[in-house]
Every structure is written in structure tokens, then in C-alpha cells.
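Have a look at the structure below, then the notes.
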Amino acid sequence: MARVASIPAHRSFADALATGLLRMHGADGLARGRILLPTNRAVRTLTEAFVRISGGGLLLPRLIPIGDPELGDRIGAALDPADSALPPAIPALERQLKLASMLAEGGRSTAEAMRLAADLGRTLDTLEVEKVEPAELRALASDSGELAAHWERMLGELSLLFTRWPTVLADDGLVDLARRRNLLLGQLERRWKDDPPPGFTVAAGITTTAPAVAGLLRRISRLPEGQVVLPALAMHKEMPDAEWDALIPQDGAPEVTHPQYHLRLLLDRMGVSRAEVETWGAGGRGAARAERGRAAANAMASARFSDKWNRLDPPERRVSGVRAMELPDPASEAMAIAIALREAIEEEGATAALVTPDRALAGRTAAILRRWGIEADDSAGRPLLQTPPGSLLEAIIKALAEQLAPVPLIALLKHPLVGGEGEARGNWLAAVRQLDIALRGPRPEEGLKGIDRHLSRLQRGREEAEAAWRTIRPLLEPLDAAFATIRTLTDFMMALREGAQILAAERAWKGTAGRQAAEMIARVEAAPQASMLVLDRAEWPMLLEELFDGETVRPTYGGHPRIQILGLLEARLQQSDLMILGGLNEGSWPPTPSPDPWLAPRLRRDLGLPPLDYRIGLAAHDFMSALGAPRVIISRALRDGQAPTVASRFWLRLEAMTDGMTRETRIPALAAIIDKSAPQPAFARPAPAPPADDRPRIIYVTDVDRLKADPFAYYAKSMLRLRPLDPVDAEHHAAWKGSAVHDVLERWFKEDRCDPAALRQRAEAMVADDAIHPMLRALWRPRLMDAIEWIAEQTAADLRDGRAVIAAEAKGSIDLAGVTLKGIADRIDQSENGLVILDYKTGKPPTFDAVNSGYRLQLSLLGIIAERGGFAMGAKSIAGLEYWSLAKNKEGGQGYRQPASRHSINDLLQKTRDVFETLAASFLTGSEPFKALVHPEYAPYGDYDQLMRRDEWYGRE
């Protein structure tokens, strides 16, 4: 008769198991036996439980994790060496590379082949675990007429690979890990059938439904001293027979998302009925009331049996000790969880754990706990690419893949492992910051030479930028050279290793993460298949991510002994005094099933494979088991970073069955106020009033509008000398386009003497510059060429009418109203009646209403400078003030002229003088405060809005 028991969900599995085994076999008899467990983590958990319960020294039974890759070594003498002489298992990375090289034969890129190889490996494992034979797959491939074309293609390829793969492994004397585990477990089952092992044998916490595992558990349950112990199996009181039978009906689809489905399937494969399963007699520390376990089981009833909630007695629906928290966003949820964890350990000896599949939530919570000096034991570890050595490798690849584009280049240069240590690091960062400023604006040309050319063209800060570049460039030259000749994956990994060594020396390989990164690179370098995988530069970032996906740096011992952060797998079989179940939203808990690119859902069903949503049932069982802790808090965020969230189906079931869970209100309230400072007085509109002697006595015509509309912005720019920085790798904005066109027109006058044919050539050369994005070139060039031809035609017509171009980009200045007024005229023409001042506009010119209101006076101020001889041409009368716009005209073409005002030149110049003299007397030679946003309708840029704290006072005065 089979001996199978279940430890209810309301008991701590590890403590109950350890207590029961000590009671059965005594401290002296434990060493006679062996316990099979699902994972290494379960071994650690049970070991701690034995130590905790015994209170002293103890000889433990042999603890064997059957999910361990080194299963053969862990079983040891349980198998006769002659019987267990199996080929070694192929390492996961080597298998992925071999499969990728086979997939690349069909013309796929290396990055795509590596991605598909990872998915293919999982599919092959599933086929192997479920003991699907190649013949079954070939038969399915030959009868796939109803499938979509891409599924037929993938199935055909999978059939060939599944048939070919064992031969490839056999040639190398290797075997798949899943197959090796099946063979080992099969050998062990057959040996124990004929020759039972001495002492007791217990399989505990194993819920894997694989046929080989189920066969071994069947054998253990029938050994003379054998027993199988299952976690949280719903007995008849929690789940009547009708519900149990409906999990796998005689006809119809099984309920694979039910938390008891996988246990039902396992028992069926073991040949054990639920009626044979006993309840484990021993308890353990921190057990909750049995009613909690029954309520959790009732809440998880399948949809067609959920009507029983209306008939349950109140105790059967009550989840006493479980509280729910709903927070506005993930940051608030992490803060509330951290507060709850910290509060829990204020009680002496109490333990607390956060269980969540949401790694972002786990990371946020751990970071908040570190604020209070608590280093939580995060068992899931940290992705290698998020550690300093891993992020350095990623930064190198991104910078080189984009040919040293500014954003990834600056990120690489500022990496904490680059630039040395101590004073050298400070000097390095000073140079990097100088380069950062120099690279602001549109992206330069590719590579080191592109940056060289960009810096040589700088109008401002050129010397400082080139000095900084001389510090940085020598380090980048060997790095660029190392990646210049990459052809294969082997070359890629060699260059990556050399690059990290060049930039960070031994710092790149320090610590656990550094050693793990070095080992990973070495393994790929040494793999023969890596030399056959050819790469393109664009694949580098995706390939690195694919190679390092799943590489996790596990924390060393030394975290807080009473606080844990656990994933769902790590949380199985253990409980704390307080369990916080975080991230209870759809897509997180339960997670969204990952698609299988190789087998369509119908094919998985035909082959007898578990469907893709099978893991939802496992997540439901994890949730149900975690609800058995003495105290439980479940939490969710109402929004993620983008949109409202949908509550987990498990959350909604508890809400529906209990008519609303008890809410935890105190902790969310603390989370909402913990970072709030004391109320501050309202901030008034800023109006600095420096002494008149400290105010500038020089003003440019382009700043006069700013001074009138937003005096504070003028103060910030001219007195505080604060200027907005362009983003790194910015778009080619309107100001850049205007400067580029002005430069073309200036050179056209000074070097080509307004030759109409030369203007188009210069414009073509400008848009052909490699620094201009191809999309911008394609969109801007047609309009620009039309506008350039219009300027050439208009200039030629003016020359025929007797006008002469006498200056371009002319600098001028005069003393006016006690200050020096400076400006640059785009172009000055000489006509019969006097000077004509031109202002080129790539967009629309100022409206007449704005000019009449005393704004947009740049052109008329230049007229005043010219009238008084400020352009070194002597005092002359002004015959015209014209805007030449390159925008679309009324006829649909490009370009039109517009006078500065509808009023006469003399009236406009006089009004401009009056406005300027008033401004100068008030703000430049007087003591008028520089008040913020006096006329916001004429202050559209907002460069200093943050400095003036605009949102704190605007519209509230």
C-alpha cells in the first residue's frame, strides 16, 4: 500500500516535516535515512528547520535535491556506479550555442538563432521530460494540414532537429540534462524496486508531474520505510469529490489553471487515489488556524463550483489574519511593504518575508530597507547585467554598436568602474563632463574621427573640449580597434574581454559578479560553435542580452537573518511569521504565460504536453500555500508606470468570497507621509533687484524681447550666466536649421559673391553632411532647395534693380540710453534710398501685431544701429527693414518677403527707441526688479521656468 501524506497549507511545511521526522525516527535515527527534495533551496530550508527544532547538534539524513543539475553526484551510493555510468550532461550554454549554429544554417542572424535556440532548448526539455518520442513528432509534422503556414514550417524544422539532436550529442559523448535526469531517476526506481535502500526514504515537497519523477515517487511510496509528503493537497473537507474529479474529467478539457490540478495529475501518475493520502500528524512553529487553509481552498474553487461560496458558513469564508493593501503605484507599494517588514522584526525573534514574482518590486523594497541599514536576503539574486561588471560590459557593447554615439558613449565614460580611483577618477570625470557639454546638440558623425570633426567646429568652449578629448581619446582608441575586426561570436567575446580590461583593468573582474562575468566570457570564447556564428554590428546588444539572460548573481550569506525577499519558487515549502504577498496584479501574479515559438497550442495538446497556462495553476498553489502563514498581508498597486492595473484573479476571488477582505490602512498611511516634509510657505513670484551698479551695461538685440516679456529670464541669462543645455544626441531643431542656413548664406556672400549657381551647391553640401540624419535629409532637403533657389532668384532680381549686397553677418554696436547695444545683421543691402537690413527666417517672421505692441523689435534695433553708423559704414538712412522667410508662401512655394511693420520706417525706429530707452532706464541703469513672466504671451521658451519655480506661483497670485 502506498504511504502518501500531505502537510496542510496552514502549517509551515519544513517545520512540520522536520518535527514529524524527529518524532518518528528520533535524533539518533535521522542519519539512517534520506530525503528527496525539489531544489537546493528546499535543502537549505529543511536544514535550517532541523537545526531550529532540535536546538542543538544533529546528524541529518542525506538531503538530495532531484532538481539539481549534478543529480548523479548527489544520489551517490544510492546507485551502483556500474549501473549509472551515463554520459555527462551538456552544459546549458554549450547546448544553446550548438542549437544556434544549427538554426543559423537556415539563414537566420546569430542573435535570432540564439534567441530561438533558448526557446528550442526549453521545448526539447519539455518533450524529453514528458517522454515524447521523435516518431510522434514526425507523425504530427506529416499531418499538420490545418496549421498556419508559419506553424507548419516551425514544426517541420523542430521535427528534423528533434531527430538530429540526439545524434549530435552522441557524437560528442553527451546527453541532455533532462534526459540524463530521466535515466538516473529511472535507474534509481528500478534498483529500489529490487533492492530497497536501508533506512527510511522520504520524498517531500516534490510536485513535478514528469513521468520519471512520478515513477520514482510511486516506488518510494511503496518502499518498506518509504513515504511521499505533498504540500497543501486539498483534502475532502476543503475540496469535495465532485470538484476533485472535475480537475481531470473523463471527457472535456482539464482545469490546468486550478491550484490542485498538478497534484491530481501527480497522484494519478503515481497510481494513488486521494482517499489514500493521510494528513501529516506533526505541526510546526507559526501554524495558522485550520479554517484559514479551508477558506483558501474554497476561494480557489473552479468557476463552476464557486456558487458554493453562498452556502458556506462564515468561518469557512473568513480569512482571519489576512489583510489587504491597495497602493496608488509601485513605489508606494514598495514603501508600504518595507515598513511592514521593518515593523515585523521589532518583535524579538519574529521573521518576515516578501514573496513576489515582480523583481522590480523586490528591488525597490530591498533598496528602501537599505535606508534603515537592513540588508534583506534576496534569494532570487540580481541579474548579472545589473551589477557593475555586467553593466560595464553592456555599456561597452552599446557604445561600440552605435559607433560611439554621444548618449551611450557618455554613459560608458561615466561608468563607476571606468577612469581609475581616487583623485584620478575625479580628474577623469571632470574631462568627461567637459566632453558631455561639447557633445550636446545634434549627433556628430560616427566614430572617433566624427567626434574629432565635431569638436573642431565648436563655436564656444572649443579649447576646453579638445583638452578633455585629449584625455579621453587615448583610452578609446584601443577599444575601438578591438571591435573593428569582429566577425564571429568568438571575436566578439575576445573584444569584450579586452575592452573591459582596457577601460577598468582588474576592477572589471572583482567580486562575485566580476568573476561570474569573466567565467561566462571564457566559456563562450572556448566553445567551438562560437567561431561559426557570424555577427553584424547591429546584433551586438541583443546578443549580449541573450547570452547573459538568466545569469544571476546570488547574494552571499550575511543578509538580515529574519527578513527574506523570495520569488515564488524560493518561497515554496517555507513560511515566516509575517508573509507579504506583493504584486497581486494580472501579468505579475499569476504571470502571463510565455509563448512557445516552436509548438502551437493544439500541437502541445496532441502530444500530451502541459498547456502554456499550466504555470498559472502552480502560481495559484503558491498563493494558496503562502496564505497559511500566521499573519499575511497581500498588496497590489492600482497603477503601474503606464496605465491602471487589473487585480490578480486570486485577489478578486478572495474579495468575492469574503465580501471584501480586511483592509490594512495604517501602513499605507505611513507610506504616504514618511517622505513628506513639513508644509512650506507658498513661493512668491521671483523679482530679484540687484544694485544698479551690478547690472549689465551691454545688451544684444536678441535679448531685448526677453528683458521686456520676462525680466527674470534675462537676469538668469545675463547676470547669473545660466544657459540651457541642448540634450545629448538632440534632434536637429529649428534653431540648428536656422544657424546652418545662415552659415551657408554668409559663405555664399563672402566667398561666392552671391553667385546664384554656387548657393545651391553650398546648400547641397550642407545637407549631405554625414552628421545629418538620413530621415531629416529626406524630409528637409526638398523644401530647403526650393527656398534656397527663391533666395538666389530674389537676390539676382534686387541686383538687377540696383541694390547691392554690402555685408553679411555684420556685427555692430552703438551706445544708447547709457548702455551698449550690440547685434548681428544677417545681411545689409545698399539701395538708392539707403540701407536695407535683412533678417532670414527659416520659419514665420514676427506678426505686425507683436511689433506694434513693442515686441519682436530685433530688426528695428538693428536699423537703429545701422542708422547711427554702428556697422562701420558711417551713419546712413534706412530704406527698408525686411524679413526673408524660407517658409511656405501663399502660392504653395517656398519663400516670401515681409516688411518689419506696416508703419513707416521712421515711425517704427522712433517707437523702438522709446521702448528701448524705457527698458534701459528701468532695468539696466535703474533699479527695477527683474520680475518673472511679466508678459508670458511673449515669453514662449520656458528655459528658466524651473529656476523661477513657475508652477508654484503662476496663476495662484
Side-chain angles (χ1 to χ4, degrees), residues 7-19 41 44-56 282-293 296 319-325 333-356 361-362 364-380 555 557-567 570-582 622-623 625-635 661-671 674:
I7 297 177
H10 66 275
R11 296 180 187 168
S12 169
F13 186 92
D15 288 272
L17 179 66
T19 301
R41 178 75 187 192
R44 174 182 165 185
T45 300
L46 185 58
T47 300
E48 292 171 349
F50 272 120
V51 172
R52 186 166 50 245
I53 292 167
S54 68
R285 71 180 183 94
R289 294 176 62 87
E291 289 83 354
R292 173 97 62 78
V319 284
S320 302
V322 177
R323 292 167 294 162
M325 297 192 303
E333 184 182 11
M335 176 60 75
I337 291 171
I339 291 172
L341 291 172
R342 184 186 179 190
E343 183 181 69
I345 62 171
E346 293 295 319
E347 180 183 341
E348 184 176 355
T351 59
L354 164 63
V355 180
T356 179
L361 177 62
R364 283 177 185 264
T365 305
I368 295 171
L369 289 172
R370 281 194 288 271
R371 288 171 52 178
W372 303 319
I374 298 173
E375 193 67 43
D377 179 9
D378 188 352
S379 64
Y557 286 99
H560 196 284
R562 294 189 288 132
I563 288 185
Q564 297 182 88
I565 297 177
L566 305 169
E570 292 80 19
R572 291 173 187 168
L573 312 188
Q574 58 183 314
Q575 283 183 359
S576 298
D577 297 320
L578 171 65
M579 297 285 277
I580 301 177
L581 315 184
D622 293 333
F623 179 72
S625 300
L627 284 176
R631 291 191 297 134
V632 179
I633 295 176
I634 63 176
S635 73
M661 291 179 285
T662 302
R663 289 300 194 267
E664 171 59 59
T665 57
R666 185 178 57 84
I667 290 176
L670 288 174
I674 191 169

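Count residues from 1 along the sequence. Because only heavy atoms are used, hydrogens play no part in the values below, and waters and symmetry mates are left out as well, while side chains stay in.
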Test of understanding: with side chain to side chain contact (heavy atoms under 4.5 Å, CB included), list the residues that count as partners of [X], not counting sequence neighbours.
X: Ala324; value: Ile634, Trp651, Met661, Arg663
X: Ala669; value: none
X: Ser54; value: Leu58
X: Ala334; value: Leu361, Arg364, Thr365, Ile368

Looking at every heavy atom in both Val355 and Gly567, which two are closest together, and how far apart are they?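 Of all heavy-atom pairs spanning Val355 and Gly567, the closest is CG1-O, 4.3 Å.
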Write down the atom of Ala14, the atom of Ala49, and the distance for their closest heavy-atom approach.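 Heavy-atom minimum between the residues: O-CB, 3.7 Å.
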Which residues share a side chain to side chain donor-acceptor pair (under 3.5 Å) with [X], sequence neighbours left out:
X: Arg323; result: Glu664
X: Ser635; result: Glu333
X: Arg41; result: Gln564
X: Arg292; result: none

Let me see the working for Thr351 and Leu578 under side-chain contact (heavy atoms from CB on, under 4.5 Å), right down to the final yes or no. CA-CA 6 Å; Thr351 59; Leu578 171 65; over 6 Å; no
For Arg370, what residues pass the salt bridge (charged side-chain N to carboxylate O under 4.0 Å, His left out) criterion, not counting sequence neighbours?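 Counting only residues at least two positions away or on another chain, Arg370 forms a salt bridge (charged side-chain N to carboxylate O under 4.0 Å, His left out) with Glu375.
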List for me each residue that meets salt bridge (charged side-chain N to carboxylate O under 4.0 Å, His left out) alongside Glu343, sequence neighbours excluded, and say none if there are none. Arg666
To the nearest 0.5 Å, what is the distance between [atom1] ([X]) and [atom2] ([Y])?
X: Ile345; Y: Arg562; atom1: CD1; atom2: CZ; value: 5.5 Å
X: Leu670; Y: Thr665; atom1: CG; atom2: OG1; value: 9.5 Å
X: Ile633; Y: Leu581; atom1: CD1; atom2: CG; value: 9.5 Å
X: Asp577; Y: Glu347; atom1: CG; atom2: CD; value: 7.0 Å
X: Arg342; Y: Ile667; atom1: CZ; atom2: CD1; value: 12.5 Å
X: Met325; Y: Ile339; atom1: CE; atom2: CD1; value: 9.0 Å

With a 4.5 Å cut-off on side-chain heavy atoms, are Leu17 and Ile7 touching?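 Yes, their side chains come closer than 4.5 Å.
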Using side-chain heavy atoms (C-beta onward) and a distance below 4.5 Å, is Ile53 in contact with Asp15?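 In contact.
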Run the side-chain contact (heavy atoms from CB on, under 4.5 Å) check on Leu354 and Leu566 step by step: do they pass? CA-CA 6 Å; Leu354 164 63; Leu566 305 169; over 6 Å; no
N-O pairing of Glu48 and Arg44 below 4.0 Å: yes
With sequence neighbours left out, what residues match Phe50 under ring-ring contact (aromatic ring centres under 6.0 Å, His included)? none
